[in-house]
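First up is the structure itself, then whatever we jot down about it.
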Amino acid sequence: MTNTVPGAMFILGCNIGDGKPRDLHTPIFDINEDVLPVGVSILAETVRRFLENGGMKQED
């Protein structure tokens with residue numbers, strides 16, 4: 001995807017804190033939902049700044 005359009009990625013730590021590995025796509029996958037507002041805030045601020053700066057400009 002980023003070969004076609006600019007992109008970015010961030011990792012939001014959401015460990016439960018019980019010492020058990022809870023990898024993706026496993027029956028025990030779980031996250032600490034207390035971090036979700038932080039993730040939403042990061043994404044919302046990113047969109048706000050993106051739009052404030054004109055969004056993606058079309059090349060002629």
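More than 12 heavy atoms of other shown residues, nucleotides or ligands fall within 6.0 angstrom of atom CG in Leu24.
The minimum heavy-atom distance between Asp18 and Asn15, with the atom names listed, is N-OD1, 4.3 Å. Minimum interatomic distance between Asn32 and Ile16 (heavy atoms only, all atoms of both residues): N-CD1, 3.7 Å.
Pairs of residues two or more places apart, or lying in two chains, that qualify as side chain to side chain donor-acceptor pair (under 3.5 Å) and include a residue from residues 35-51 are Glu45-Arg48, Glu45-Arg49, Arg48-Glu52. The list of salt bridge (charged side-chain N to carboxylate O under 4.0 Å, His left out) pairs with a residue in residues 26-39, not counting sequence neighbours, is empty.
The other residues sharing a hydrophobic cluster with Phe10 are Leu12, Val35, Val38, Ile42, Leu43, where clustering joins ILVMFWY side chains under 4.5 Å apart.
Contacts of Ile28 classified as side chain to side chain contact (heavy atoms under 4.5 Å, CB included), with partners at least two apart in sequence or in another chain: Arg22, Thr26.
Met1 and Phe50 fall within the same hydrophobic cluster, where Ile, Leu, Val, Met, Phe, Trp and Tyr residues are linked whenever their side-chain heavy atoms come under 4.5 Å apart, directly or through other members. Hydrophobic clustering (side-chain heavy atoms under 4.5 Å, transitive across Ile, Leu, Val, Met, Phe, Trp, Tyr) keeps Leu51 apart from Val40.
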